[in-house]
Amino acid sequence: MLFALTFIAALGCALLAGLFFAFSNFVMKALFRIPAPSGIAAMQAINVTVLNPLFLALFFGTAAACVVLVFYSIEEPRRLIGAGLYLVGTFGVTMVFNVPRNNALARLDPASSVSAWRRYVQEWTWWNHVRTLAAVAAAALFTFELSQLKT
């Protein structure tokens with residue numbers, strides 16, 4: 001069971017790290033390059049579309065696996081740190097920093113919110129970098145632990 005949970009956590013963290021990396025590396029840059037009303041409207045649509053069963057299962061399922069791993073990892077610091085990185089640095093950052101910004105963006109009128117858009121992109125992307133790095137580090141720690149469990 002420990003191997004399966006660690007594998008699920010590693011895979012979930014890696015998939016989310018890739019998704020968040022794409023946003024940090026080129027999606028937000030591309031949205032910022034187009035006229036602000038179009039960028040706002042596109043991000044509003046993304047924020048609605050992302051709330052689908054597959055993404056939510058991945059995001060919350062990885063969190064659940066990490067919560068369970070905390071209890072199995074009291075004496076395994078790498079796995080415990082990996083779970084903490086995901087729960088605090090990815091899941092927590094998303095809920096505390098990215099989601100409130102997404103909710104505020106949802107209330108904006110795309111045609112009259114150029115300054116708010118500029119601030120949103122800068123702040124949201126900064127926090128996205130944080131959760132990307134946390135997910136990458138967690139995935140790396142879980143992957144290392146998998147190699148230790150098999151030997």
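Not measured: the values here are computed from a predicted model.
Follow the hydrophobic side-chain contacts under 4.5 Å out from Phe23 and you reach Trp117 in the same cluster. No path of Ile, Leu, Val, Met, Phe, Trp and Tyr side chains, each step under 4.5 Å between heavy atoms, connects Leu85 with Leu5, placing them in separate hydrophobic clusters. The cluster map of Ile, Leu, Val, Met, Phe, Trp and Tyr, joined by side-chain heavy atoms under 4.5 Å apart, puts Trp126 and Val27 in different clusters. Residue Ile8 is not grouped with residue Met1 when hydrophobic side chains (ILVMFWY) are merged at heavy-atom distances under 4.5 angstrom, including chains of intermediate members. Residues Phe144 and Leu146 are members of separate hydrophobic clusters, defined by side-chain heavy-atom contacts under 4.5 angstrom among Ile, Leu, Val, Met, Phe, Trp and Tyr.
Residues Phe142 and Cys13 come closest through the heavy atom pair CE1-SG, 3.9 Å. Heavy atoms only, all atoms of each residue included: Gln44 and Leu105 are closest at NE2-O, 2.7 Å. Between Thr90 and Ala135 the shortest heavy-atom distance is OG1-N, 3.2 Å. Here the closest non-hydrogen pair linking Cys66 and Ala83 is O-CB, 3.5 Å. Scanning all heavy atoms of the two residues, the minimum distance from Phe3 to Leu149 falls at CA-CD1, 3.9 Å. The shortest heavy-atom contact between Leu69 and Ala9 is CD1-CB, 3.6 Å.
Judged by distance alone, the side chains of Asn128 and Thr125 never bring a donor and an acceptor atom under 3.5 Å apart. Side-chain contact check for Arg131 and Thr94: at least one donor-acceptor pair (N or O, by modelled atom type) lies under 3.5 Å.
Counting only residues at least two apart or on different chains, no ring-ring contact (aromatic ring centres under 6.0 Å, His included) pair has a member in residues 65-89. Screening residues 87-108 for salt bridge (charged side-chain N to carboxylate O under 4.0 Å, His left out), with sequence neighbours left out, gives Arg101-Glu123.
Between Arg79 and Val70 the shortest side-chain heavy-atom distance does not fall below 4.5 Å. Within the 4.5 Å cutoff, side-chain heavy atoms of Ile46 are placed close to those of Leu31.
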* Could you walk me through whether Val88 and Val93 pass the side chain to side chain contact (heavy atoms under 4.5 Å, CB included) check? -> CA-CA 6 Å; Val88 175; Val93 164; 6.0 Å; no
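The only member of Tyr120, Trp127, Trp124 that meets ring pair (Phe, Tyr, Trp, His ring centres under 6.0 Å) when paired with Phe97 is Trp127.
One finds the CD atom of Glu145 at 9.5 Å from the CD1 atom of Ile81 (value rounded to the nearest 0.5 Å). Annotation: the span from Ile40 atom CD1 to Ser112 atom OG amounts to 8.0 Å, rounded to 0.5 Å. The line from OG1 of Thr6 to CD of Glu76 is 9.0 Å long, rounded to the nearest 0.5 Å. Rounding to the nearest 0.5 Å places CG of Asn25 at 10.0 Å from OG1 of Thr132.
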All N/O donor-acceptor pairs, side-chain side in residues 51-60, below 3.5 Å, sequence neighbours left out:
{"unit_1": "Asn52", "atom_1": "OD1", "unit_2": "Leu54", "atom_2": "N", "d": "3.0"}
{"unit_1": "Asn52", "atom_1": "OD1", "unit_2": "Phe55", "atom_2": "N", "d": "2.9"}
{"unit_1": "Asn52", "atom_1": "ND2", "unit_2": "Thr49", "atom_2": "O", "d": "3.1"}
{"unit_1": "Asn52", "atom_1": "ND2", "unit_2": "Val50", "atom_2": "O", "d": "3.3"}

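A distance-only check finds no donor-acceptor pair linking the side chain of Ser38 to the backbone of Ile34 [under 3.5 Å].
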